[in-house]
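Naming: A, B, ... by sequence-line order, numbering from 1 per chain.
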Amino acid sequence: MASDKPVDDLTEAEAQRALARLAAAIARANTAYHQADAPEISDAEYDALKRRNAAIETRFPSLKRTDSPSEQVGAAPSDGFGKIRHRVRMLSLANAFDAGDVGDFDAGIRRYLGLSPDAPLTYAAEPKIDGLSLSLRYEDGQLVYAATRGDGETGENVTANALTIAQIPQALNGAPAVLEVRGEVYMSQADFETLNATGGRTFANPRNAAAGSLRQLDAEITRARPLSFFAYAWGDLSEPLAATQWDSLQRLASLGFTINPLTRRCDGVAALLAHYQAIETARPDLGYDIDGVVYKVDDLALQSRLGMRSTTPRWAIAHKFPAETAWTRLESIDIQVGRTGALSPVARLKPVNVGGVLVSNATLHNEDYIAGRDSNGQPIREGRDIREGDWVQVYRAGDVIPKVADVDVGRRLPDSVPYVFPDICPDCGSAAVREPGDSTHRCTGGLVCPAQAVEKLKHFVSRGAFDIEGLGARQIEMFFADDLLPIHEPADIFTLARRDAANLGKLKNRDGFGDRSVAKLFEAIDERRRIPLTRLLFGLGIRHLGEVAATDLARHYGSWEALARAADMARPAAERHLAADAAETEERARAAEAGRRAEVKKARDAVWDNPPVDAAARAAWDDLVGIEGVGAVLAVSLVTALAQPRERASIDRLIGELSDITPPEARATDSAVAGKTVVFTGTLTRMTRAEAKARAESLGAKVAGSVSAKTDFLIAGEGAGSKATKAADLGVTVIDEDAWIAMIGG
DNA sequence: GTGCCTCGAGTTCC
DNA sequence: CTCGAGGCAC
């Protein structure tokens, strides 16, 4: 059959018929997806159609239809590009917004490395191009693929498109056997304006134009779009390019890449700020958009010592230019209710263009932000509050999240009144309470509140939780409001198929649901009856219990039964903890001015120990809060959530529907210190304490502050004192710094 | 007690 | 992406 024939074997007539069929099939899939949000075919099948369409169009350009699906930018539910996993993660950078932040950045690096404030420290600085980052992998000098950043771990294969960019070489001379070059694809302002004037569609800004062009499924369209590329970094390498950032860039330049001509080496903060000024001055005449200046520690050995924080490297920062702002009218203030009951005020704006994006909503954070105070009660806009009807200045924080920066009080109407934050939930009418010390109002309706219930369900099916294919936020909204087959709690998802059968399978005849999509949905739900404990815990949506805490709890208890039993046992202690907290708060208010801290402590202890909490409860509680990363706040939240009869019954119904709750996998034990608890003492000479800790943790060790029976190694630097004595008493292995470094492999 | 550092929660637009 | 807050080290 012609539809399965290799593209190269198609006759022209066959190709023409195939394109017609594909256009129809893709259009049908688009309609099903967009109008009902319930696709008739899977993403993979859809991708295959788009890919085949693009391939045929490439081979027979003259046959390309006027309604070609490849022209319909943004119509795809997911695109036709293959995924590529980056062997070295593509980083994002921390931001600095003023000279003070840059000073902090430099000081932090010096502290971490143990350098004095006046020791020489060289940085490489270059403009931050406002485009999209790309990773180019070369093996034996040949381009193997070009991949977008994606989420930093996995990007999309856009090789064919990258090859249409003149500044991206297909082959290199004298390159390392493996070389991943990273840089920014961008479109110059002049090219952007020409494209918008002559092309079929208008883009909001050069960045969007570059992104849209690079993601074309048909490389010939990309070829017609004038894109450029600056190299600024590298990923996987078979051998180092050079010893410094600067020299590495020079090496890339000599291999044929374009590096930004405004790249400079700067000694110290003053030189960085001077170069920032120079770039800001040059900005209007560069001919391409930039949004700041990037500073990197020049010495690569130092970069490697500094290492990573959770998502950003310690050795680099982006010094951003002030964000673009725009003035518009704030038409009204709406309140949204989140899954934890938090009431979030949202500004509904007269749509306004901010830095190339049309903004119509902006977050107002909380009551204090609207009133013009920060969380400490200090004025943030010199007392100017935000009111409905006001003229407000909007900007996009980090160029993404719209926020209200300022208010023009002069344009305020005489009858305007300060915004009164609601004290009842707009969705369910329950009281919305702001606890002392908290910045947000919270609806007290719990699961009675429809807004909370539906948000919790959305969280339950979200990516890190049950992640059920075909059951996203949209479908949850729909099923929540459904009369015939409602989903009001997680267990309802798993009874859906049974209930549908009892209803003679009516689901499949409704909007957006055909035979196949219903079958696939039920299948996807059934697959999740077997679920990792971590996902189950995270999916419950208990406040303060996120993915990381869920992992820690799952590791510690190993099974749902063990965790639930522990939570039930710890309940009296958790209740007492809350009572003690209340007593402490009360006493603190009374003793505030006298500064009698001892009294506060005494008031707390009087409640905590009187009468002593049942020993078993106390033990369960201590065990719970003893877990690293679990404190009293999370512990109380977990225990009380599981103690709510309504909530617990709902969880039990869910568990009854699951077939298997799988325990977490044991931690990888590659390194000799993985899973070990280590303690540092004395003065380390080859690295600072922070560095040693980060290194140990990156190898899977747990770093503790004091020696106990659980300690595996004590690393004793020079002048070790009581800890070494205690370690000897407890029979803990004591090693010196050199032995430690040997153990972790240099 | 103070000051990181991370995690959790909420948010917007494409 | 940002803010607030929890947890923990100094």
Side-chain angles (χ1 to χ4, degrees), chain A residues 73-79 92-95 97 104 107-108 111-112 132 203-205 207-209 211-212 215 308-312 314 318 320 323 334-349 351 353-366 368-369 374-376 380 394-404 435 437-440 442 451-452 455-456 458-459 462 464 538 541-552 595 597 600 625-637 679-680 688-690 693-694 697 702-706:
Chain A
V73 177
S78 112
D79 48 40
S92 56
L93 298 180
N95 292 318
F97 295 101
D104 291 345
R111 204 180 324 122
Y112 194 91
L132 57 151
F203 289 98
N205 53 52
R207 208 195 86 84
N208 284 2
R215 292 171 48 83
M308 295 281 297
R309 267 192 287 266
S310 57
T311 58
T312 60
R314 283 194 188 83
K320 304 294 279 280
D334 279 2
I335 299 286
Q336 293 181 348
V337 183
R339 103 180 126 86
T340 61
L343 267 50
S344 310
V346 180
R348 304 294 179 202
L349 307 166
N353 195 314
V354 186
V357 174
L358 200 61
V359 169
S360 41
N361 301 305
T363 173
L364 292 167
H365 293 302
N366 53 47
D368 286 345
Y369 191 83
D374 69 10
S375 55
N376 299 316
I380 47 174
V394 182
Y395 73 106
R396 299 204 306 146
D399 285 334
V400 179
I401 312 285
K403 296 180 67 168
V404 172
E435 299 288 343
D438 198 351
S439 54
T440 42
R442 284 178 203 281
Q452 280 189 63
E455 291 304 316
K456 266 190 109 151
K458 286 185 197 169
H459 172 79
S462 72
F538 178 60
I542 293 168
R543 187 140 89 102
H544 300 128
L545 207 177
E547 275 178 300
V548 173
T551 309
D552 293 342
R597 301 195 207 298
V600 174
V625 296
I627 301 172
E628 197 185 354
V630 178
V633 174
L634 167 55
V636 166
S637 178
V679 176
F680 294 97
T688 65
R689 192 64 79 82
K693 180 176 184 307
E697 281 171 352
K702 184 182 153 191
V703 179
S706 57

Problem - Phosphate OP1/OP2 of B:dT11 contacted by A:Ser344 side-chain N/O (<4.0 Å) - result: yes
Handout entry: Donor-acceptor contact present, side-chain A:Ser360 to main-chain A:Leu349, <3.5 Å
Key = no
Exercise for the section: Say whether, by atom type as modelled, one donor and one acceptor occur between the side chain of A:Arg348 and the main chain of A:Asn361 under 3.5 angstrom. Expected result: no
Exercise for the section: Would you kindly give the CZ-to-C1' distance between A:Arg314 and B:dC5, to the nearest whole Å? Expected result: 9 Å
Completion exercise
Between A:Arg339 and A:Asn361, whichever has its closest DNA chain B nucleotide further toward 5' is A:Arg339
Practice task
May I have the distance from A:Leu364 (atom CG) to C:dC3 (atom C1'), rounded to whole angstrom?
Solution key: 14 Å
Fill in the blank from the handout: Out of B:dT12, B:dG8, C:dG4, minimum distance to the side chain of A:Val548 belongs to B:dG8
Fill in the blank from the handout: In whole angstroms, the gap separating P of B:dT12 from CG of A:Leu349 amounts to 10 Å
Practice task
When you get a sec, tell me which of C:dG4, B:dT11, C:dG6 is the closest nucleotide to the side chain of A:Thr363?
Solution key: B:dT11
Problem - Atom-pair distance (CD on A:Glu455; P on B:dT11), nearest Å - result: 8 Å
Practice task
Verify the contact: side-chain N or O of A:Thr340 to OP1 or OP2 of B:dG10, cut-off strictly under 4.0 Å; return yes or no.
Solution key: yes
Exercise for the section: Scan A:Ala211 against the nucleic acid and name what it touches under 4.0 Å (heavy atoms): base, sugar-phosphate only, or nothing. Expected result: nothing
Problem - Donor-acceptor under 3.5 Å (A:His459 side chain, A:Phe538 main chain) - result: yes
Exercise for the section: Please check if the side chain of A:Thr551 supplies one atom and the backbone of A:Glu547 the other of a donor-acceptor pair under 3.5 Å. Expected result: yes
Problem - Short side-chain N/O contact to C:dC3 OP1/OP2 from A:Ser439, under 4.0 Å - result: no
Problem - side-chain N/O A:Gln336 vs B:dG10 OP1/OP2, d < 4.0 Å - result: no
Handout entry: Spacing of A:Glu628 atom CD relative to C:dA9 atom P, expressed in whole Å
Key = 7 Å
Practice task
Can you figure out which of B:dC13, C:dG6, B:dG8 approaches the side chain of A:Val633 most closely?
Solution key: C:dG6
Practice task
Please check the phosphate of C:dC3 (OP1 and OP2 only) for any side-chain N or O of A:Lys403 closer than 4.0 Å.
Solution key: yes
Problem - N or O in side chain of A:Asn208 less than 4.0 angstrom from B:dC14 OP1/OP2 - result: no
Handout entry: Distance in angstrom units between A:Leu634 CG and C:dA5 C1', rounded
Key = 13 Å
Practice task
Tell me whether the OP1 or OP2 atom of B:dT12 has a side-chain N or O from A:Arg396 closer than 4.0 Å.
Solution key: no
Problem - A:Thr340 side chain to A:Arg442 side chain, donor-acceptor N/O pair below 3.5 angstrom - result: yes
Problem - Sidechain-backbone polar pair: A:Tyr369 side chain, A:Val404 backbone, donor-acceptor under 3.5 Å - result: yes
Completion exercise
Side-chain atoms of A:Pro402 come closest, of B:dG8, C:dT2, B:dC13, to B:dC13
Completion exercise
Between OH of A:Tyr369 and C1' of C:dT2 the distance, given in whole Å, is 11 Å
Practice task
Output yes when at least one side-chain N/O atom of A:Thr440 is less than 4.0 Å from OP1 or OP2 of C:dG4, else no.
Solution key: no
Exercise for the section: Tell me which nucleotide among B:dA9, B:dG8, B:dC13 gets nearest to the side chain of A:Arg543. Expected result: B:dA9
Handout entry: Interatomic distance where NE2 belongs to A:His459 and P belongs to B:dT11 [whole Å]
Key = 15 Å
